[in-house]
Amino acid sequence: MMKRTHTCGELTAKAEGTSVVLNGWVHTVRLHGQIIFVDLRDRYGKTQLVFDSQHFQGDLNITKKLSVEDVLSVSGTVQLRGEQAVNPQMATGEIEVMVASMEILNEAEPLPFVITDREAALEDLRLKYRYLELRTVDLQSTLAVRHRAAQVVRHYLDKENFFEIETPVLMKSTPEGARDYLVPSRIHKGKFYALPQSPQTYKQLLMISGFDRYFQIVKCFRDEDLRADRQPEFTQIDIEMSFVDEADVQAVAEGLTREIFNSILDVHLPEKFPVMTFERAMDTYGSDKPDLRYELPLIDLKVYTDQSDFNAFKSVKMVKGLVVPNGSAYSRKIIDGLTEFVKPFGARGLAWMKVDNGSLTGGISKFFGSNLQDRLIRELSLPDGSIIFLIGDAKRVAQTAMGALRTEIARRENLASPNEFKPCWVVDMPMFEWDEGDSRYVAVHHPFTSPKLEDLPKMATAPDQVYSRGYDLVINGYEVAGGSIRIHQRDIQQQVFQHLGISDEEAQKKFGFLLEALRYGAPPHGGIAFGFDRLVMLLCRTANIRDVIAFPKTTSASSLMDESPSEVSQRQLDELGIGIVRKDTSNI
């Protein structure tokens, strides 16, 4: 191999006459009689190579047989292209390299898919050959963005006097929320480590240790049911600070977010992000992560439906509505499709009415008298040609189902610009929520989130009325970061554990080391964790989290490329003292 002197993306007209060596992959081959044109590619760009009998010292017939993705090393001289041959779409489009010698470093076999067109192959095939898909411009661009974002994070937080400190990957299993990934110990047979769901307890211990400003870009692991924007292993920007309140943590998070968007996209986010309470977000947008790029607020309609003859909504706790301008063009087929869409969110159905020439028509309009119709249209300023959707149910069901419909309508109507970014804070979320399945309270954030101090008296008598000191940073409908002020007093931490159904004995077994540390001068502290993968998704304007991770898993938590998870040998199991019991399903 000849040592390269330049990359395939840097040569310009200034290099005319320069002798160069380029290494890379064959992107295209074009035969023009006794002249062969080859575009050579590396991650920096492409350069056009020219092979002819006058300058090339090798066998032109070999050059004619080059295949896409063959790996070459070439030497030659830079020359200007003819005026008609200049390619303004390429950074190197003014020049070409007249090749003198070539070495084929590796021949590529026929490819399983055309890597210049990602859409030509199903995602499962592309994930199986991920190392080929990673050669595409799209993925190399997203990973470049990921790299630059990570460097911005480190530079910004270093300037803000944060220490980057690594925390253990093998830790004690403390299941609360998502399931842990367990790692068996060979030395301590029958015992297990866990992979961290987050470094939560470690960063609190670092605060107790006196490191008042900590961060790390860290891998986290959760064995949970997956969605399109989730992975079993993901990356956080983890931040913790001592002697702070909510405003201090939010100021750092806002500054970091502004710096990332400014540096990567040249987008200037507002100096101060708007703030809304959890209850307002749910009531107005039907989501605790509202997309503010478009309007479509939810409206309360129970005062109207209670006066109608539509009895199905008389007994429900809440009736939420959504007005879609120009929605009267929706066919019955579209409405039926939207009805099916809201059912997985708990809604039993979707009622509707259209506004036509100052009257309500279709759907449940016949249950509304003319006076009630006039009042509803007037008071809600319903425009002609609109459609109003209604969901009546329990409070959270009505809000959540209608919020999902709001998002779906925005998608259908292209209401959200991918080039617009609307951040906001969602605060004052409930401390606890009731889990019907387990018949107990669970933490909305995590067990170490501090309750609002003014709500402490309610802890014993009305835990469902206690609000937390948590805060989420939301951008364009995605929760980009979440955090809270932590509990730094042992008695309050024990009280929270009790409400979560964690006995003193169980708390000592799971979190004894943290409870012990809280006895020795724990400072008030709080922090926030950014979902780094999700943040890069936004920066790259993609809705697929797998696009921004080099080697992602599928939605079933498997890797098609290396076929993990996989079975291991009996010898490995014996070393760990583990036996596998396989359930007999033959009679099921």
Side-chain angles (χ1 to χ4, degrees), residues 157 160-177 180 185 188 191-216 218 220 236-250 252-253 431-432 443-457 459-460 463 466 468-471 482-529:
L157 292 176
E160 294 294 320
N161 210 24
F162 284 81
F163 278 1
E164 182 172 8
I165 304 175
E166 295 178 341
T167 53
V169 173
L170 297 176
M171 62 175 291
K172 182 182 179 67
S173 176
T174 55
E176 180 64 34
D180 286 332
S185 170
H188 306 281
K191 295 185 177 181
F192 296 81
Y193 301 101
L195 302 179
Q197 295 185 30
S198 84
Q200 181 61 48
T201 52
Y202 288 116
K203 62 189 178 186
Q204 290 192 252
L205 292 171
L206 285 171
M207 296 302 104
I208 296 171
S209 302
F211 295 97
D212 67 320
R213 289 195 159 207
Y214 139 93
F215 88 97
Q216 66 174 323
V218 59
C220 302
Q236 282 185 185
I237 307 168
D238 209 46
I239 297 172
E240 199 78 7
M241 305 163 64
S242 293
F243 306 111
V244 293
D245 59 18
E246 292 90 330
D248 298 314
V249 179
Q250 289 170 5
V252 168
M431 183 79 179
F432 308 104
V444 171
H445 252 142
H446 54 64
F448 313 106
T449 297
S450 173
K452 282 185 165 292
L453 300 182
E454 60 268 30
D455 288 346
L456 281 176
M459 288 278 283
V466 177
S468 77
R469 299 181 70 181
Y471 34 81
S484 66
I485 299 301
R486 321 302 187 192
I487 299 169
H488 69 282
Q489 295 162 304
R490 180 185 171 100
D491 60 332
I492 296 177
Q493 185 65 76
Q494 289 177 316
Q495 198 175 353
V496 169
F497 283 156
Q498 289 169 5
H499 282 300
L500 296 175
I502 301 174
S503 66
D504 290 344
E505 181 182 0
E506 186 181 4
Q508 187 63 35
K509 185 176 180 180
K510 289 182 176 178
F511 308 108
F513 59 96
L514 178 61
L515 293 172
E516 180 77 5
L518 291 175
R519 297 172 57 187
Y520 299 109
H525 57 283
I528 193 165

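For the numbers below, each heavy atom of this structure counts, side chains included, while hydrogens, waters and symmetry mates do not. Small disclaimer: the values here were computed from a predicted structure and weren't measured.
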Are side-chain heavy atoms of [X] and [Y] found at a separation under 4.5 Å?
X: Asp504; Y: Gln498; answer: yes
X: Phe448; Y: Val496; answer: no
X: Ser173; Y: Tyr193; answer: no
X: His488; Y: Met207; answer: no
X: Met241; Y: Val249; answer: yes
X: Asp212; Y: His525; answer: no
X: Tyr214; Y: Asp238; answer: yes
X: Pro168; Y: Pro199; answer: no

Is it true that Lys509 and Glu506 have a side-chain N and a carboxylate O under 4.0 angstrom from each other? no
Worked check of side-chain contact (heavy atoms from CB on, under 4.5 Å) between Met171 and Thr201: CA-CA 10 Å; Met171 62 175 291; Thr201 52; 4.2 Å; yes
According to the interplanar angle, ranging from 0 to 90°, do the rings of Phe163 and Phe211 count as parallel (below 30°), tilted (30 to 60°) or perpendicular (above 60°)? tilted
Pairwise distance [atom1]([X]) to [atom2]([Y]) - rounded to 0.5 angstrom:
X: Ile485; Y: Glu246; atom1: CD1; atom2: CD; result: 4.5 Å
X: Phe215; Y: Ile237; atom1: CZ; atom2: CD1; result: 9.0 Å
X: Ser450; Y: Asp455; atom1: OG; atom2: CG; result: 10.0 Å
X: Met431; Y: Leu456; atom1: CE; atom2: CG; result: 9.0 Å
X: Leu514; Y: Arg490; atom1: CG; atom2: CZ; result: 9.5 Å
X: Gln216; Y: Tyr202; atom1: CD; atom2: OH; result: 11.0 Å

Before you tell me yes or no, could you show the steps for Leu195 and Val169 under side-chain contact (heavy atoms from CB on, under 4.5 Å), namely the whole-Å CA-CA distance, both residues' side-chain angles and the distance that decides it to 0.1 Å? CA-CA 6 Å; Leu195 302 179; Val169 173; 3.9 Å; yes
Is [X] reaching over with its side chain to a backbone N or O of [Y], donor-acceptor style, under 3.5 angstrom?
X: Gln250; Y: Asp245; result: no
X: Tyr471; Y: Ser484; result: yes
X: Arg213; Y: Glu160; result: yes

Which residue is it: Gln495, Gln493, Gln494, Gln204? I am looking for the one with a side-chain contact (heavy atoms from CB on, under 4.5 Å) to Ile487. Gln493
For [X] and [Y], which heavy atoms make the closest approach, and how far apart are they?
X: Ile208; Y: Ala522; answer: CG1-CB, 3.8 Å
X: Leu205; Y: Ala517; answer: CD2-CB, 3.5 Å
X: Pro463; Y: Phe432; answer: O-CD1, 3.4 Å
X: Leu500; Y: Ala443; answer: CD2-N, 3.3 Å
X: Ala253; Y: Ile528; answer: CB-CD1, 4.0 Å

Atom [atom1] of [X]: over 12 foreign heavy atoms under 6.0 Å:
X: Phe192; atom1: CZ; result: yes
X: Glu505; atom1: CD; result: no
X: Asn161; atom1: CG; result: no

Residue pair Ser198 / Gln236, side-chain donor-acceptor N/O under 3.5 Å: no
For a side-chain contact (heavy atoms from CB on, under 4.5 Å) check, start with the C-alpha distance between Val244 and Val252, then their side-chain angles and the critical distance, and finish with the verdict. CA-CA 11 Å; Val244 293; Val252 168; over 6 Å; no
